[in-house]
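So the structure is just underneath, and the comments pick up after that.
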Amino acid sequence: MKMIEKGNRASDPARRIQTFEKRMTLPYEKEPYSMIATFSIRPDQGDPSGFDLGDMIWRGELGEIDSSGQVPDQGMMIYISVTQLLDCLSEILKGSVKTASFTGADTSFGLTFRSTKKGVSVTSRWGLVALIGAAELAQTALSATEELARKHLDSLPPDGVRDDYMGALDSFRLVVHGY
């Protein structure tokens with residue numbers, strides 16, 4: 001532990017233990033950073049369905065969260081989860097809420113998005129992943145969602161899950177174009 005040698009006394013000078021305050025700028029407070037998100041389908045699940053299990057990876061300058069390889073397993077019904085994620089992000093990006101929490105379908109994997117003066121913080125239960133500009137967060141989520149759709153959505157049978165995914169994607173595109 002590094003001792004702070006300069007700062008403002010925060011305690012009574014007559015007390016045996018003294019506390020001091022020092023204001024510091026943390027790396028993530030300087031400027032928003034970039035982020036990468038990847039959504040994937042797990043292999044060997046039989047015929048494609050709207051309930052296929054998949055994973056999310058969110059990688060930012062300050063950390064990474066990956067639903068794969070966790071104990072307990074944090075794989076999720078990926079199409080339903082991405083639909084929920086887009087609804088969650090839309091609320092933050094439109095300014096309807098300051099904080100939004102996302103938990104994937106049938107998993108404990110989750111993220112919290114919090115609007116700040118410097119951008120949007122993305123945190124998991126293990127800590128901060130990124131502080132990112134709202135426009136960049138919107139584009140990151142849109143890119144990952146479109147990539148999943150491009151690779152896998154055509155193989156799904158036409159059903160409510162596929163329709164919900166496409167409806168959420170179309171609505172989210174309108175939000176993203178607002179930036």
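The figures that follow rest on heavy atoms only: side chains count, while hydrogens, waters and symmetry mates do not.
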Exercise for the section: Carefully, step by step, assess L169 and L142 under the rule side chain to side chain contact (heavy atoms under 4.5 Å, CB included). Expected result: CA-CA 8 Å; L169 178 55; L142 180 62; 3.6 Å; yes
Exercise for the section: Please step through side chain to side chain contact (heavy atoms under 4.5 Å, CB included) for the pair I65 and F109, ending with a clear verdict. Expected result: CA-CA 9 Å; I65 181 70; F109 178 86; 3.3 Å; yes
Exercise for the section: Answer yes when R162 and D159 have at least one side-chain N-carboxylate O distance shorter than 4.0 Å, and no when they do not. Expected result: no
Practice task
Indicate, with yes or no, if L53 and I57 share a hydrophobic cluster defined by side-chain heavy-atom contacts under 4.5 Å among Ile, Leu, Val, Met, Phe, Trp and Tyr.
Solution key: no
Practice task
Examine V97 and L111 and state if one hydrophobic cluster contains both, with Ile, Leu, Val, Met, Phe, Trp and Tyr joined whenever side-chain heavy atoms are less than 4.5 Å apart.
Solution key: yes
Could you check if a side-chain atom of [X] sits within less than 4.5 angstrom of a side-chain atom of [Y], using non-hydrogen atoms only?
| X | Y | value |
| --- | --- | --- |
| M77 | V161 | no |
| M166 | L153 | yes |
| V82 | M56 | yes |
| F39 | E147 | no |

Exercise for the section: Check the surroundings of atom CG in D106: do more than 12 heavy atoms from other residues, nucleotides or ligands lie under 6.0 Å from it? Expected result: no
Problem - Enclosure of D47 CG (heavy-atom neighbours >12, cutoff 6.0 Å) - result: no
Exercise for the section: Could you give me the CA-CA distance, side-chain angles and deciding distance for L89 and F102, then say whether side chain to side chain contact (heavy atoms under 4.5 Å, CB included) is met? Expected result: CA-CA 9 Å; L89 287 175; F102 158 76; over 6 Å; no
Handout entry: Pair Q70-S108, side chain to side chain contact (heavy atoms under 4.5 Å, CB included): steps then yes or no
Key = CA-CA 10 Å; Q70 302 293 328; S108 61; over 6 Å; no
Exercise for the section: Indicate the ring-plane relationship of Y79 and Y165, choosing parallel, tilted or perpendicular according to the 30° and 60° boundaries. Expected result: perpendicular
